[in-house]
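Reading through the structure tokens given below for one structure.
We name chains A, B, ... by the order of the sequence lines, and we start the count at 1 in each one.
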There are 2 protein chains.
Amino acid sequence: MASNNPAPPDSTRRSERSRRAIYDAAIALVVEVGYPKTTIEGIAARAGVGKQTIYRWWGSKADVLLEAFLDLSEQAARTAAQEHENHEGQEGRAGHESQGIPDTGDLAADLKLVLRATVDELRDPGFEAPSRALAAEGVVNEELGRRFVAQLLEPQLQLYVDRLRSAQEAGQVRPDIDPRIALELFVSPLAQRWLQYTGPITYEYTDTLVDYALNGLAPR
Amino acid sequence: MASNNPAPPDSTRRSERSRRAIYDAAIALVVEVGYPKTTIEGIAARAGVGKQTIYRWWGSKADVLLEAFLDLSEQAARTAAQEHENHEGQEGRAGHESQGIPDTGDLAADLKLVLRATVDELRDPGFEAPSRALAAEGVVNEELGRRFVAQLLEPQLQLYVDRLRSAQEAGQVRPDIDPRIALELFVSPLAQRWLQYTGPITYEYTDTLVDYALNGLAPR
DNA sequence: TCACTGACGAGACGCAGCGTCTCGTTCGTG
DNA sequence: CACGAACGAGACGCTGCGTCTCGTCAGTGA
């Protein structure tokens with residue numbers, strides 16, 4: 001039996017203005033009052049938009065926030081890529097992904113550098129509030145969690161896979177190591193400390209993680 | 001100015017019967033309908049209790065669930081300790097903490113064994129639903145998150161610290177390693193995969209984590 | 001043993017936000 | 001330019017919140 005369902009809206013006539021206003025309002029509210037107190041009614045009011053406009057295009061508060069955050073990340077990545085380009089010359093067309101991990105030939109140094117940058121990012125309130133909210137929602141809502149991972153987390157992790165593979169070719173990482181698992185040795189501890197408040201997050205800590213992971217715990 | 005605040009309730013007259021009924025109802029509802037759809041009204045109705053009785057002793061839904069889960073864990077630990085005792089003879093009075101990590105002298109084997117047991121536990125629906133709910137709440141609610149860690153997670157992690165220190169004395173782990181950080185190399189990756197669905201959780205995976213962590217990624 | 005008294009179960013209350021709906025109005029498309 | 005669907009606005013019934021007020025019941029201290 002074919003659908004006589006709600007009949008999907010016509011996306012060609014969608015208001016870009018409303019879409020942006022909703023993104024901005026959602027992010028702002030999560031930052032200002034926190035995720036649990038952010039409501040659809042609140043987002044609509046702040047965006048100057050009817051509630052129905054939100055319900056027409058999104059299925060839930062979490063959906064709105066995920067898209068808003070995705071959009072924010074793209075903007076930020078574009079801005080960063082732009083600056084990079086201005087300072088160091090062209091690098092092909094607009095990056096669809098944040099720049100890769102530097103490859104100076106010194107794996108430990110490169111990883112420490114990137115992890116220090118991540119530490120800084122985790123402390124930026126504008127990023128922290130929305131990404132915490134999405135992570136929390138993802139823990140308890142598998143469908144959204146998987147989208148969060150696929151669209152935001154995994155692309156970042158892939159950069160580590162690439163760098164580790166390069167290190168393997170350079171003979172700095174054993175060839176039998178699976179890079180996708182190896183990266184978790186230093187990324188996951190940082191993630192857990194951030195998500196669950198299981199310990200302080202410092203440069204010293206992430207540097208130590210890299211050393212432990214590369215050299216191992218056992219005597220050499 | 002001294003308090004003319006709500007006047008705290010008299011805990012000596014507290015109904016043990018209600019307390020237990022509330023714990024049971026909270027856990028059951030989280031398992032059956034999920035954390036977001038679990039409501040204070042629902043818990044009260046299911047427990048056969050007035051709403052005020054919940055509001056009198058707890059501050060929020062998350063508070064109730066944390067205490068209920070803590071109680072459940074203690075029960076489970078007591079039961080496990082009991083069985084352990086029956087099968088292998090007395091071991092002092094009732095354990096307030098789950099048994100330590102086995103120490104056969106083979107660190108890798110001991111860690112793999114315990115992590116395999118953790119993998120099994122993470123799959124038990126009766127434990128999974130409530131602990132996911134609490135973890136999610138903790139991500140977005142720092143105060144509760146810290147209590148969750150201090151009362152549930154950290155005691156477990158301490159067992160790894162003890163085992164790693166023993167391994168250091170046996171010369172199987174370098175003496176300059178900080179055990180509290182070292183344990184994160186294999187515990188956090190598992191935690192992240194579970195929390196965020198970033199990858200499959202298998203015995204093979206946890207075994208690999210132990211090998212990578214002990215031997216390091218770099219050629220030896 | 002008994003009187004006291006505060007916790008108890010039950011449920012009414014006003015309020016906030018949900019998700020659906022119905023208005024005119026506006027604006028993109030063909 | 002005419003069409004019509006998306007739009008802003010807001011009313012609707014509903015659910016759950018957190019507070020409150022009832023009798024009733026049971027633990028405590030005399």
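- The aromatic rings of A/Phe127 and A/Phe69 lie perpendicular to each other, with more than 60° between the two planes, well past the 30° mark.
- For A/Trp58, no side-chain nitrogen or oxygen approaches OP1 or OP2 of C/dG19 to under 4.0 Å.
- Closest-nucleotide positions on DNA chain C for B/Lys51 and A/Ser60 were compared, and the one nearer the 5' end corresponds to B/Lys51.
- The pair A/Arg46-A/Asp24 fails the salt-bridge criterion, with no side-chain N (NZ, NE, NH1 or NH2) lying under 4.0 Å from an Asp/Glu carboxylate O.
- The distance between atom CZ of A/Arg17 and atom C1' of D/dG8, rounded to the nearest whole Å, is 11 Å.
- Rounded to an integer number of Å, the gap from CH2 of B/Trp57 to P of D/dG18 is 19 Å.
- For A/Ser18 and D/dG8, the shortest distance from a side-chain N or O to OP1 or OP2 is below 4.0 Å.
- Side-chain atoms of B/Tyr205 and A/Glu184 form a donor-acceptor pair, as typed in the model, at a separation below 3.5 Å.
- Distance, B/Gln52 CD to D/dT21 P: 11 Å, rounded to whole Å.
- The side chain of A/Thr39 approaches C/dC18 more closely than any other nucleotide in the set C/dC18, C/dT5, D/dA6.
- Distances shorter than 4.0 Å separate some side-chain N or O of A/Arg56 from OP1 or OP2 on D/dC7.
- Following rounding to the nearest Å, A/Ile54 (CD1) and C/dG17 (C1') show an atom-to-atom distance of 13 Å.
- Using a cutoff of 4.0 Å between basic side-chain nitrogens and carboxylate oxygens, A/Glu154 and A/Arg180 are scored as salt-bridged.
- Counting to the nearest Å, the P atom of C/dG17 and the OH atom of A/Tyr35 are 15 Å from each other.
- When the side-chain nitrogen and oxygen atoms of A/Thr53 are compared with OP1 and OP2 of D/dG8, one or more of them lie within a distance under 4.0 Å.
- Atom P of nucleotide C/dA12 and atom OH of B/Tyr55 are separated by 17 Å, given to the nearest angstrom.
- For A/Glu16 and D/dA5, the CD to P distance is 22 Å, given to the nearest whole Å.
- Judged by distance alone, the side chains of A/Tyr35 and B/Asn141 never bring a donor and an acceptor atom under 3.5 Å apart.
- Nucleotide C/dG28 holds its C1' atom 15 Å from the CZ atom of A/Arg14, rounded to whole Å.
- Among the heavy atoms of the strands lying under 4.0 Å from A/Gly48 are primed sugar atoms or P, OP1, OP2 only; no base atom is included.
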